[in-house]
Amino acid sequence: MISYRIRSLDNAIDAASFCCGQAILDEYIRRYAAQDVRRHVARVFIAVPESNPKNLAGFFTLSAGSVNCSDLPESLAKKLPRYPVPVALIGRLAVATDFQGKGLGSILLADACRKVAHASETLAVAGIVVDAKDVAAAAFYRHFGFLTLPGQPARLLLPATAFQD
Ligand SMILES: CC(C)(COP(=O)(O)OP(=O)(O)OC[C@H]1O[C@@H](n2cnc3c(N)ncnc32)[C@H](O)[C@@H]1OP(=O)(O)O)[C@@H](O)C(=O)NCCC(=O)NCCS
């Protein structure tokens with residue numbers, strides 16, 4: 001079992017050769033992630049193996065967002081106000097090909113949920129939203145309890161009750 005360290009993106013990591021099988025996510029971490037951090041539009045967290053801290057094994061991003069009540073499943077919408085509600089957004093999450101299928105995706109998702117739960121003690125969110133890049137990614141999130149938003153098969157939400165006390 002590999003142990004990982006998760007920390008904020010910094011200059012010590014070389015993302016140039018990161019490859020997860022989704023070109024758009026590879027391009028993001030290689031070229032745009034640091035810029036997003038500088039512009040305060042995303043926090044980017046990276047995972048490295050304890051045994052090889054220069055090897056980028058995976059990453060995820062967190063930002064603030066909102067969803068319209070009308071976009072939510074009826075069971076959730078009826079408990080929320082009619083105006084747009086605040087959510088946390090996992091904009092991107094990816095595991096390098098060499099590390100896939102070994103539990104890192106679930107470690108990253110659990111860490112993202114923990115960070116959001118902690119932040120939500122001071123900044124309320126009604127849930128965590130992810131935009132899945134394809135059908136397989138959507139299945140990954142559903143595996144962990146995310147609900148598909150009606151009419152938006154690529155957008156999923158984990159209600160706050162699932163990750164807060
Ligand atoms: C999708 C991805 C993040 C999964 O990461 P991973 O490290 O391979 O997944 P894990 O090994 O942690 O799997 C955790 C669990 O999810 C399940 N799982 C993984 N991929 C799945 C999928 N596509 N559909 C359903 N379940 C899936 C595993 O079976 C495992 O279940 P278990 O805990 O009951 O054994 C990774 O494959 C990846 O980065 N893919 C390419 C980029 C991508 O599609 N990112 C998401 C875009 S938003």
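Whatever order the structure lists them in is the order used to number ligands and atoms, beginning at 1. Numbers for residues simply follow the sequence, beginning at 1.
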Checklist entry - In the protein, what heavy atom is nearest to atom 38 (C) of ligand 1, and what distance, to one decimal place, separates them? => result Gln100 NE2, 3.6 Å
Checklist entry - Taking only residues two or more places apart in sequence, or in another chain, which ones meet Lys115 in a salt bridge (charged side-chain N to carboxylate O under 4.0 Å, His left out)? => result Asp111
Checklist entry - Can you name the closest pair of heavy atoms from Leu80 and Ala126 and give their distance? => result CD2-CB, 4.3 Å
Checklist entry - Is it the side chain (CB and beyond), the backbone, both or neither of Tyr141 that lies under 4.0 Å from ligand 1, heavy atoms counted? => result side chain
Next on the checklist: Using a 4.0 Å heavy-atom cut-off, which part of Asp131 comes near ligand 1: side chain, backbone, both, or neither?
Outcome noted: backbone
Checklist entry - Counting both backbone and side chain atoms, is some N or O of Leu25 under 3.5 Å from an N or O of ligand 1? => result no
Next on the checklist: Could you check whether any side-chain heavy atom of Leu72 comes within less than 4.5 Å of a side-chain heavy atom of Leu157, counting everything from C-beta outward?
Outcome noted: yes
Checklist entry - If you count the non-hydrogen atoms of other residues, nucleotides and ligands that lie under 6.0 Å from CZ in Arg5, is the total more than 12? => result no
Checklist outcome for this item: Of all heavy-atom pairs linking Pro84 and Ser66, the shortest is CB-OG, 4.2 Å
Item to check | Option nearest atom 41 (C) of ligand 1 (shortest heavy-atom distance, choices Ala57, Cys19, Ala154, Cys20) | outcome: Cys20
Item to check | Proximity winner for atom 8 (O) of ligand 1, if only heavy atoms of Gly105, Ala132, Gly101 are counted | outcome: Gly101
Item to check | Proximal ligand 1 atoms for Val95, defined as those under 4.0 Å from one of its heavy atoms | outcome: 5 (O), 7 (O), 38 (C), 39 (O)
Checklist outcome for this item: Within the 4.0 Å heavy-atom cut-off, what Ala136 brings close to ligand 1 is both
Checklist outcome for this item: Heavy-atom nearest pair, Val95 first then Cys20, reads O-CB, 3.2 Å
Next on the checklist: I'd like the name of whichever of Phe144, Phe140, Phe59 reaches closest to atom 9 (O) of ligand 1 through any heavy atom.
Outcome noted: Phe140
Item to check | Residue, atom name and distance, where the atom is the protein heavy atom closest to atom 11 (O) of ligand 1 | outcome: Gly103 N, 2.8 Å
Checklist outcome for this item: Heavy atoms of Ala12 and Arg7 approach each other most closely as CB-NH2, 4.1 Å
Checklist entry - Just to confirm, does any protein heavy atom lie below 4.0 Å from atom 29 (O) of ligand 1? => result no
Item to check | Listed once per pair and sorted, the salt bridge (Lys or Arg N to Asp or Glu O under 4.0 Å) pairs that draw on residues 56-79, sequence neighbours left out | outcome: none
Next on the checklist: I'd like to check whether Ala94 has a polar contact with ligand 1, where a contact means an N/O of the residue lying under 3.5 Å from an N/O of the ligand.
Outcome noted: no
Next on the checklist: Is the contact between His143 and ligand 1 made by the side chain, the backbone, both, or neither, using heavy atoms and a 4.0 Å cut-off?
Outcome noted: side chain
Checklist entry - Is the closest protein non-hydrogen atom to atom 2 (C) of ligand 1 under 4.0 Å? => result no
Checklist entry - Tell me, which protein residue and heavy-atom name are nearest atom 46 (C) of ligand 1, and how many Å apart are they? => result Leu93 O, 3.2 Å
Item to check | Nearest heavy atoms of Ser51 and Pro53, plus distance in Å | outcome: C-CD, 3.8 Å
Checklist outcome for this item: When distances are taken from atom 12 (O) of ligand 1, the protein heavy atom at minimum range is Ser106 N, 2.9 Å
Checklist entry - At a non-hydrogen distance cut-off of under 4.0 Å, which region of Lys102 contacts ligand 1 (side chain, backbone, both, or neither)? => result backbone
